[in-house]
Amino acid sequence: RIYHRVIDGLNFIAAMTIVAIMLLMVLDILLRVAIRSPIHGVPEIVKMAVIGIAWWQIPYALKNRNHLRSTLILNALPPIGKGAIYFLNSVAGVVLMSLIVWFAYPELVRAWNTGSFEGEHPMRIPTWPIWGVIVSGAALAALEYLIQAVQSLMGRYRDHDGPPAH
């Protein structure tokens, strides 16, 4: 499915961004030590990149059921109880992620229209791309939660380490 390819692609971009940040930070430290000249804007770049990494990996973690959860009570429930918990969790996720999209989208538009930025001269980073990442990541997470809610209603919920339950 195209949807899964998009999520996998964004996860790959996020992973490569982690590598790029590591290399940038090492280079910045080396330049600070060797020639006492840091790379301008590294803190701003890292701050923005970390936000992007998180929001592009959330839908991937949801899709693969790799998010954190406590299974102490869940494992003690009968299948119908598990299904109900998965459904309620998914509905809460749809609501929360939809609210994030609802409130972040105007910020994306505002940042685009006003040309807002993070940082000062010589490194000024526009903020609209990070708002775009937040909106797209939350929208994809809401969609994934919706898919999981439907699966729960159909009795097709899946634990992170197993096949769909019946």
*Asks:* Do you know the tightest heavy-atom contact between Leu108 and Trp128?
*Replies:* CD1-O, 3.2 Å
*Asks:* Is there side-chain contact between Leu140 and Ile58, with at least one heavy-atom pair below 4.5 Å?
*Replies:* no
*Asks:* Hey, does the side chain of Gln148 reach the backbone of Leu62 with a donor-acceptor pair shorter than 3.5 angstrom?
*Replies:* yes
*Asks:* So, taking the atom named CH2 in Trp56 and the one named CG in Asn11, what distance separates them when rounded to the nearest 0.5 Å?
*Replies:* 11.5 Å
*Asks:* I want to check something: taking the side chain as every heavy atom from C-beta on, are Glu144 and Tyr3 in contact at a cut-off of under 4.5 Å?
*Replies:* yes
*Asks:* Atom CD1 of Ile53 and atom CD1 of Ile18: how far apart are they, to the nearest 0.5 Å?
*Replies:* 4.5 Å
*Asks:* Nearest 0.5 angstrom please: Lys47 NZ to Ile130 CD1, how far?
*Replies:* 10.5 Å
*Asks:* Is the shortest side-chain heavy-atom distance between Val133 and Ile51 below 4.5 Å?
*Replies:* no
*Asks:* Would you say Met22 ends up clustered with Val46 if hydrophobic residues are merged whenever their side chains have heavy atoms under 4.5 Å apart, either directly or through other cluster members?
*Replies:* yes
*Asks:* If you group Ile, Leu, Val, Met, Phe, Trp and Tyr by side-chain heavy-atom gaps below 4.5 Å, do Leu96 and Tyr105 land in one group?
*Replies:* yes
*Asks:* If you count every heavy atom of other residues, nucleotides or ligands that lies below 6.0 Å from Phe12 atom CZ, does the total exceed 12?
*Replies:* no
*Asks:* How close do Thr127 and Ser116 get, heavy atom to heavy atom, and via which atoms?
*Replies:* OG1-OG, 2.5 Å
*Asks:* Using a 6.0 Å cut-off, check whether atom CZ of Arg110 has over 12 heavy atoms from anything other than its own residue.
*Replies:* yes
*Asks:* Report, as yes or no, whether the 6.0 Å neighbourhood of atom NE2 on His40 holds more than 12 heavy atoms from other residues, nucleotides or ligands.
*Replies:* no
*Asks:* May I ask you to test the Glu107-Phe103 pair for a side-chain heavy-atom distance under 4.5 Å?
*Replies:* no
*Asks:* Looking at every non-hydrogen atom in both residues, tell me the closest pair between Ala138 and Val101 and how far apart they are.
*Replies:* CB-CG2, 3.6 Å
*Asks:* Could you walk me through whether Gln151 and Phe87 satisfy the side-chain contact (heavy atoms from CB on, under 4.5 Å) test, starting with their C-alpha distance in whole Å, then the side-chain angles of each, then the deciding distance to 0.1 Å, before giving a yes or no?
*Replies:* CA-CA 8 Å; Gln151 289 172 340; Phe87 176 74; over 6 Å; no
*Asks:* Counting distance only, does the side-chain N/O of Arg36 pair as donor-acceptor with the main-chain N or O of Ala34 below 3.5 Å?
*Replies:* no
*Asks:* Are Ile147 and Val150 joined in one hydrophobic group, where the rule is that I, L, V, M, F, W and Y side chains link up if heavy atoms are under 4.5 Å apart?
*Replies:* no
*Asks:* If I compare all heavy atoms of Ser152 with all of Gly83, which pair ends up nearest, and what's the gap?
*Replies:* CB-O, 3.9 Å
*Asks:* Lys82 and Asn75: side-chain contact (heavy atoms from CB on, under 4.5 Å), yes or no, with the steps?
*Replies:* CA-CA 8 Å; Lys82 281 185 182 181; Asn75 287 340; 4.0 Å; yes
*Asks:* With rounding to the nearest 0.5 angstrom, report the CD1 to CG distance, Ile39 to Leu24.
*Replies:* 5.0 Å
*Asks:* Hey, does Leu31 have a side-chain heavy atom less than 4.5 Å from the side chain of Pro38?
*Replies:* no
*Asks:* Do Leu23 and Leu27 make a side-chain contact, defined as non-hydrogen atoms from C-beta onward lying under 4.5 Å apart?
*Replies:* no
*Asks:* Roughly how far, to the nearest 0.5 Å, is CH2 of Trp55 from CE of Met97?
*Replies:* 4.5 Å
*Asks:* In terms of heavy-atom contacts, does CD1 of Ile35 have more than 12 from other residues, nucleotides or ligands at under 6.0 Å?
*Replies:* yes
*Asks:* Measure the CE-CD1 distance between Met48 and Ile21 for me, rounded to the nearest 0.5 Å.
*Replies:* 12.0 Å
*Asks:* List the atom of Thr17, the atom of Ala49, and the distance in Å for their closest heavy-atom pair.
*Replies:* CG2-CB, 3.8 Å
*Asks:* Report yes or no: do Val42 and Val50 belong to one cluster of Ile/Leu/Val/Met/Phe/Trp/Tyr joined by side chain heavy-atom distances under 4.5 Å?
*Replies:* yes
*Asks:* For the residue pair Val94 and Leu146, what are the closest heavy atoms and their distance?
*Replies:* CG2-N, 3.3 Å
*Asks:* Side-chain heavy atoms under 4.5 angstrom apart, residues restricted to Ile, Leu, Val, Met, Phe, Trp, Tyr: same cluster for Val95 and Tyr145?
*Replies:* no
*Asks:* Contact between Met123 and Glu118 at the side-chain level, heavy atoms closer than 4.5 Å - yes or no?
*Replies:* no
